[in-house]
There are 2 protein chains.
Amino acid sequence: MLYAGLMSAIPPFPTPQEPVDHPELLQLGSAMAADEPCLRADAARNRARLLEAAARLVAERGADAVTMEAVAAAASVGKGTVFRRFGDRTGLLTALLDHSEKKFQAAFLAGPPPLGPGAPPVERLRAFGRAMLRRSADELDLQLAAEPCAPRRFTIPARSVLRHHVAVLLRQIVPEADCELLSYTLMGQLDPALIHHLTSQRGIPLARLEDAWIALVDRVAGAPPAG
Amino acid sequence: MLYAGLMSAIPPFPTPQEPVDHPELLQLGSAMAADEPCLRADAARNRARLLEAAARLVAERGADAVTMEAVAAAASVGKGTVFRRFGDRTGLLTALLDHSEKKFQAAFLAGPPPLGPGAPPVERLRAFGRAMLRRSADELDLQLAAEPCAPRRFTIPARSVLRHHVAVLLRQIVPEADCELLSYTLMGQLDPALIHHLTSQRGIPLARLEDAWIALVDRVAGAPPAG
DNA sequence: AAGAAACTGGACCGTGGTCCGGTTAGAGTG
DNA sequence: CACTCTAACCGGACCACGGTCCAGTTTCTT
């Protein structure tokens with residue numbers, strides 16, 4: 001099992017990953033064929049071993065067990081190496097999710113309708129929510145664990161890409177609205193932490209979340225479903 | 001300066017604060033006259049000193065400087081005492097915010113319109129968003145620092161109260177909708193972390209956030225503002 | 001072969017959180 | 001009021017983890 005990398009080449013040390021101010025251009029394809037940008041042979045090998053070890057830890061003992069030290073030990077590698085490669089814990093977890101993330105991006109950017117281009121925007125937005133909800137339902141532990149603390153929640157590049165996609169669709173549906181801000185609102189309903197809270201802690205079935213998403217999209221699109 | 005406490009009596013030790021499964025009843029007035037439930041004299045004194053010390057640290061060196069050890073030292077108290085009293089770091093920060101929180105709750109539960117009862121629900125909802133945005137704009141550091149990590153974000157009692165209020169208003173406005181879930185969505189737009197990201201990191205002025213809130217409420221209420 | 005750039009690993013630090021032996025407030029009793 | 005008893009409280013030693021640093025090693029280039 002191989003994972004793609006979203007780390008670019010890392011200078012000396014203290015420059016893990018830049019916030020990416022304006023990810024106006026969607027990535028995907030930038031570093032897709034070349035799984036390892038320009039990594040030295042030993043570095044690439046260690047990187048692979050670390051991801052493999054981390055994945056094993058997640059599978060066997062849950063995301064909480066993915067301690068930086070545990071991963072390092074399981075990969076027979078020094079702790080510093082883990083940090084150098086992935087920046088911090090979030091970075092490592094994010095890298096673990098990278099594979100499915102890329103697949104998902106490909107699906108809504110270039111896949112078949114209704115998720116991909118070809119269907120009317122409202123239709124695509126509905127499908128997007130459904131897909132997000134289902135994807136988050138699996139991988140929930142990891143998604144939660146990968147979430148950084150408060151101030152950086154909205155700087156995650158992957159999330160920015162998703163949100164931007166929503167904004168683009170919204171502009172086609174309700175051009176007169178503040179689609180940028182509206183996209184944040186809609187994305188809020190698909191937040192892994194919220195999904196976890198509603199399903200695990202309040203026992204709300206996923207189907208109801210999907211219905212709520214559809215209703216929300218309709219409401220925003222200006223066609224109240226039952227009013 | 002005295003702060004109200006939202007900690008109930010704490011049994012032996014490892015029971016900091018219960019999740020409060022169904023906060024259907026709004027608090028406010030439960031432990032309002034009695035600032036300290038049944039706290040022993042020395043405990044109450046230490047509690048006050050701790051809050052005072054924490055507030056001083058925030059004022060002088062920012063929320064990041066509020067280390068549990070630093071607070072303990074500044075209050076000339078043992079570290080264990082801080083944890084016993086407030087459960088964890090978020091608990092301490094939450095207690096610091098408690099005063100303004102209570103004031104805010106009082107304002108929309110029993111204050112003058114349009115925030116309080118008396119105005120039509122849509123009007124109250126608009127006012128609620130405005131008030132939240134402005135309140136979060138001050139206190140932003142504290143609000144951010146007080147936010148617990150991913151899985152517990154939605155279990156904060158104070159947030160639950162606010163969200164519940166929104167749900168109640170929504171039920172009066174769009175009874176046919178899934179107001180429970182809709183309230184989560186609306187609250188998402190008022191999340192301190194989002195506000196911080198938009199204003200501090202993307203330079204979006206608060207006024208635009210307020211406009212977006214109004215527009216969102218109108219949209220949800222089924223009366224598209226310009227369509 | 002040799003030099004430079006990149007990588008490695010583990011010692012080190014600060015912080016959040018736990019534990020438990022010792023201390024004290026304050027109620028009950030005479 | 002003095003004494004005693006107990007539950008609650010206190011404090012700081014202790015642990016685990018995330019994150020940093022840097023001296024020594026390895027890879028790649030020329």
Side-chain angles (χ1 to χ4, degrees), chain A residues 5 7-17 36-50 53-54 57 61-94 145-150 152, chain B residues 7-17 36-50 53-54 57 61 63-94 145-150 152:
Chain A
M7 293 282 134
S8 35
I10 299 175
F13 193 126
T15 309
Q17 67 212 56
E36 298 125 18
C38 327
L39 231 44
R40 231 169 67 172
D42 55 344
R45 182 187 47 109
N46 278 348
R47 186 193 145 87
R49 285 168 67 175
L50 283 169
L57 276 178
R61 299 169 41 201
D64 285 349
V66 182
T67 283
M68 295 307 253
E69 264 180 297
V71 173
S76 305
V77 143
K79 196 175 162 187
T81 305
V82 192
F83 282 95
R84 154 165 286 268
R85 192 56 49 205
F86 299 103
D88 58 11
R89 201 178 113 96
T90 329
L92 172 60
L93 274 335
T94 301
E147 195 145 303
C149 272
R152 290 191 209 150
Chain B
M7 293 282 134
S8 36
I10 298 175
F13 194 128
T15 310
Q17 69 211 56
E36 300 126 17
C38 328
L39 231 44
R40 231 170 67 172
D42 55 344
R45 181 186 48 108
N46 278 348
R47 186 193 146 87
R49 286 168 66 175
L50 284 169
L57 276 178
R61 300 168 42 201
D64 285 349
V66 182
T67 283
M68 295 307 252
E69 261 179 301
V71 173
S76 306
V77 142
K79 196 177 165 188
T81 305
V82 192
F83 282 95
R84 155 166 287 268
R85 194 54 50 206
F86 298 103
D88 58 11
R89 202 178 114 96
T90 29
L92 172 60
L93 275 334
T94 302
E147 194 145 305
C149 272
R152 289 189 210 152

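Naming convention: chains lettered A, B, ... in sequence-line order (proteins, then strands); numbering from 1 in each chain.
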Undergrad: I want to verify a distance call: between D:dC10, C:dG9, D:dC17, whose nearest atom is closest to the A:Thr67 side chain?
TA: D:dC17
Undergrad: Calculate the interatomic distance between A:Met68 atom CE and C:dT15 atom P; express it in whole Å.
TA: 20 Å
Undergrad: Check whether any side-chain N or O of B:Thr81 sits under 4.0 Å from OP1 or OP2 of D:dG11, and answer yes or no.
TA: yes
Undergrad: Any chance CZ of B:Arg61 has more than 12 other-residue heavy atoms, nucleotides or ligands included, within less than 6.0 Å?
TA: no
Undergrad: Counting just side-chain N and O atoms, does B:Arg85 come under 4.0 Å of either OP1 or OP2 of D:dC10?
TA: yes
Undergrad: Please evaluate residues A:Arg49 and A:Asn46 with respect to the criterion side-chain contact (heavy atoms from CB on, under 4.5 Å), reporting the C-alpha separation (whole Å), side-chain torsions for both, the decisive distance (0.1 Å), and the verdict.
TA: CA-CA 5 Å; A:Arg49 285 168 67 175; A:Asn46 278 348; 4.1 Å; yes
Undergrad: Mapping B:Lys79 and A:Ala43 to their closest nucleotides on DNA chain C, which lands nearer the 5' end?
TA: A:Ala43
Undergrad: Where along nucleotides 24-30 of chain D does protein come under 4.0 Å, by heavy atom, of base (B) or sugar-phosphate alone (S), with - for untouched nucleotides?
TA: --BSS--
Undergrad: How many whole angstroms separate atom CZ of A:Arg84 from atom C1' of C:dT8?
TA: 9 Å
Undergrad: According to a strict under-4.0 Å criterion, is A:Asn46 in side-chain N/O contact with OP1 or OP2 of C:dC7?
TA: no
Undergrad: Take the protein atom CZ of B:Phe83 and the nucleotide atom P of D:dC14, then report the distance between them rounded to whole Å.
TA: 17 Å
Undergrad: Nearest whole Å is fine: how far is D:dG18 P from A:Asp64 CG?
TA: 10 Å
Undergrad: Whole angstroms only, please: what is the CG-P distance between A:Leu92 and D:dG19?
TA: 11 Å
Undergrad: Specify the closest pair of heavy atoms between B:Ala145 and B:Arg89, including all atoms of both residues, with the distance to one decimal.
TA: CB-NH2, 3.9 Å
Undergrad: Enter the distance from A:Arg85:CZ to A:Leu50:CG here, rounded to the nearest 0.5 Å.
TA: 8.5 Å
Undergrad: Decide if atom CG of A:Asp64 counts as having more than 12 heavy atoms of other residues, nucleotides or ligands within a radius under 6.0 Å.
TA: no
Undergrad: To the nearest 0.5 Å, how far apart are CG in A:Leu92 and OG1 in A:Thr67?
TA: 10.5 Å
Undergrad: Assuming nearest nucleotide by heavy-atom distance, tell me which of A:Arg89 and B:Glu69 is located more 5' along DNA chain D.
TA: B:Glu69
Undergrad: Show the nearest heavy-atom pair for residues A:Ala146 and A:Leu93, with the distance to one decimal.
TA: CB-CB, 3.6 Å
